[in-house]
Protein chains: 2
Amino acid sequence: MFSQSEENYIKAIYHLETISTKGISTNAIAKKLTTKASSVTDMIKKLSEKEVVVYKKYQGVTLTDFGKKVAANVVRKHRLWEVFLVEKLNFSWDEVHDVAEQLEHIKSPKLINEIDAFLGFPTHDPHGDPIPDKEGKINIIEKSLLSTLLKNESGICVGVNDSSSEFLQFLDKKGITLGKQITVLEKEDFDNSVSIIIDNKKMSISNKIANNLYIKKS
Amino acid sequence: MFSQSEENYIKAIYHLETISTKGISTNAIAKKLTTKASSVTDMIKKLSEKEVVVYKKYQGVTLTDFGKKVAANVVRKHRLWEVFLVEKLNFSWDEVHDVAEQLEHIKSPKLINEIDAFLGFPTHDPHGDPIPDKEGKINIIEKSLLSTLLKNESGICVGVNDSSSEFLQFLDKKGITLGKQITVLEKEDFDNSVSIIIDNKKMSISNKIANNLYIKKS
DNA sequence: AAATAAATTTAGATAAGACTAAAAATTTTA
DNA sequence: TAAAATTTTTAGTCTTATCTAAATTTATTT
Ligand SMILES: [Mn+2]
Ligand SMILES: [Mn+2]
Ligand SMILES: [Mn+2]
Ligand SMILES: [Mn+2]
């Protein structure tokens with residue numbers, strides 16, 4: 001059994017490993033969890049004792065297979081709770097994160113399995129992120145950042161790279177929600193913004209936005 | 001904001017106050033939370049600082065109005081989650097307690113209000129206990145222990161005095177569930193057992209059981 | 001290849017919450 | 001009402017999870 005704090009560290013390392021392939025640095029973990037590097041060093045020593053991570057001084061950490069399973073299970077719970085909040089309790093996709101951050105630590109295998117069934121075994125959370133199965137396996141779909149699409153390419157919005165409520169509310173305001181079709185009309189070299197069409201509406205999207213919106217090309 | 005541990009102490013004192021009217025003793029709290037009296041003394045000093053309880057050395061504690069509100073809110077969450085688990089997630093009434101014990105500490109006013117609405121604003125939990133409203137008010141219904149009913153009196157099962165899974169599973173086995181009508185056919189002076197009829201079935205109920213089952217007389 | 005900068009670890013503190021053992025206060029019993 | 005028993009509090013320790021400041025190691029520049 002792991003404490004809430006341990007679970008948060010394990011999950012942070014898991015997420016960082018999806019970005020870089022090398023060992024995860026103390027500083028990267030500290031930044032992700034808004035804590036201090038010295039606290040991270042203490043914790044990874046403990047996680048190393050518990051065989052959750054492999055740790056060599058000054059070399060960063062890597063999750064063991066066991067650690068990956070633990071992490072995937074926390075992520076599974078986090079994302080299932082997010083689906084529950086949006087689908088059943090009228091939360092919007094920008095309101096769910098902090099609550100899911102708490103709910104993900106509830107210990108009860110039956111609870112999470114029943115939630116899964118109650119929701120009809122969803123495969124993705126409200127932000128388009130895949131939900132790991134009980135074994136920790138995830139089904140990765142092919143997706144591209146909007147900023148990488150070429151002129152005249154089109155596809156479906158399937159995810160976001162930034163789950164901050166500011167960004168999500170901005171997308172809401174623009175009418176950009178997951179599942180909608182987007183076509184790139186024009187790319188501006190000047191500021192790397194893109195002109196798109198969505199719901200028959202033309203709009204200009206800044207590079208900052210286009211860099212945080214995932215499209216499944218079609 | 002209160003920690004999980006603080007909330008557990010506050011709730012324990014709240015429950016103990018429904019039994020005795022005097023100040024709640026250190027030992028009583030320690031027993032309820034299966035901790036040591038010295039730990040309780042430490043905690044009630046802190047709760048006193050925070051104006052949740054009134055505390056005078058060696059005299060036990062009493063919840064302040066503020067403390068009562070905090071407690072009722074935790075109880076509200078506990079009981080609403082229990083209803084959710086039973087009504088929506090196929091938990092039986094003897095499986096919900098430990099999970100609700102964790103869920104009651106989740107901090108999100110929106111979450112609990114939405115759960116309340118999602119469940120249709122239930123007034124009682126699966127064990128027949130009343131659910132406090134947002135202000136902490138509870139609606140107490142008139143109920144009597146089965147052991148206090150006289151021969152030929154009858155009523156509806158409305159609650160239990162013992163929520164242990166052993167007791168609840170025993171009731172399940174006997175076919176005794178909340179909402180059912182019970183009539184007392186006979187009372188045995190010998191061992192204080194009662195003969196009852198429920199669902200047209202006659203059965204003998206020991207005093208231990210009769211002392212833990214609440215009936216609303218009719 | 002030094003020197004400098006950055007990242008990481010160690011050492012020492014702090015706070016919450018729990019425990020044991022001992023002291024003090026209260027209650028019960030004789 | 002004095003002695004004994006019980007309850008409660010205090011003192012000191014421990015664990016977990018933080019932090020700051022200093023020391024050490026690694027990486028980057030000249
Ligand atoms: Mn979390
Ligand atoms: Mn998400
Ligand atoms: Mn609890
Ligand atoms: Mn209950």
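Atom P of nucleotide D:dT26 and atom NZ of A:Lys57 are separated by 10 Å, given to the nearest angstrom. Remark: P of C:dA25 and CG of B:Asn27 are 18 Å apart, rounded to the nearest angstrom. Per the geometry, CG belonging to B:Asp42 stands 13 Å off C1' belonging to C:dA15, to the nearest Å. Separating the OH atom of A:Tyr9 from the P atom of D:dT16 is a distance of 14 Å, rounded to the nearest angstrom. One atom, CD of A:Glu49, and another, P of D:dT16, lie 12 Å apart when rounded to the nearest Å. Summarising the geometry, the separation between CD1 on B:Ile24 and C1' on D:dT7 is reported as 15 Å, rounded to the nearest angstrom. Across the protein-nucleic acid pair, A:Met1 atom CE and D:dT16 atom C1' stand 18 Å apart, rounded to whole Å. Rounding to whole angstrom units, NZ of residue B:Lys36 and C1' of D:dA11 are separated by 17 Å.
The shortest non-hydrogen separation linking B:Val53 to B:Ile44 is CG2-O, 3.9 Å.
Taking for each of A:Ser39 and B:Gln59 the nucleotide of DNA chain D with the nearest heavy atom, the 5'-most of the two is the partner of B:Gln59. Each of A:Tyr58 and A:Met43 was assigned the nucleotide of DNA chain D with the nearest heavy atom; the assignment lying further toward the 5' end belongs to A:Met43.
Residue B:Tyr55 places at least one side-chain N or O closer than 4.0 Å to OP1 or OP2 of D:dT9. Checking the phosphate oxygens (OP1, OP2) of C:dA18, no side-chain nitrogen or oxygen of B:Ser38 falls inside 4.0 Å. A close approach under 4.0 Å does occur between a side-chain nitrogen or oxygen of B:Thr35 and OP1 or OP2 of C:dC19.
A salt bridge does not link A:Glu17 to A:Lys68: none of the charged side-chain nitrogens sits closer than 4.0 Å to a carboxylate oxygen. The pair A:Glu7-A:Lys107 meets the salt-bridge criterion, since a charged nitrogen lies less than 4.0 angstrom from a carboxylate oxygen.
Donor-acceptor pairing under 3.5 Å, judged by distance alone, is absent between the side chain of B:Thr26 and the base of D:dT9. In terms of polar N and O atoms assigned as donor or acceptor, the side chain of B:Thr41 never comes within less than 3.5 Å of the base of D:dT10 in a complementary pairing.
Looking at heavy-atom distances under 4.0 Å, A:Ser5 makes contact with sugar-phosphate atoms alone, never a base. Counting any heavy atom pair closer than 4.0 Å across all strands shown, A:Lys31 reaches no nucleic acid atom.
Here the side chains of B:Lys110 and A:Leu89 are not in contact, with every heavy-atom distance at 4.5 Å or above. Residues B:Ile29 and B:Thr35 have side chains not in contact (no heavy-atom distance under 4.5 Å, counting atoms from C-beta outward).
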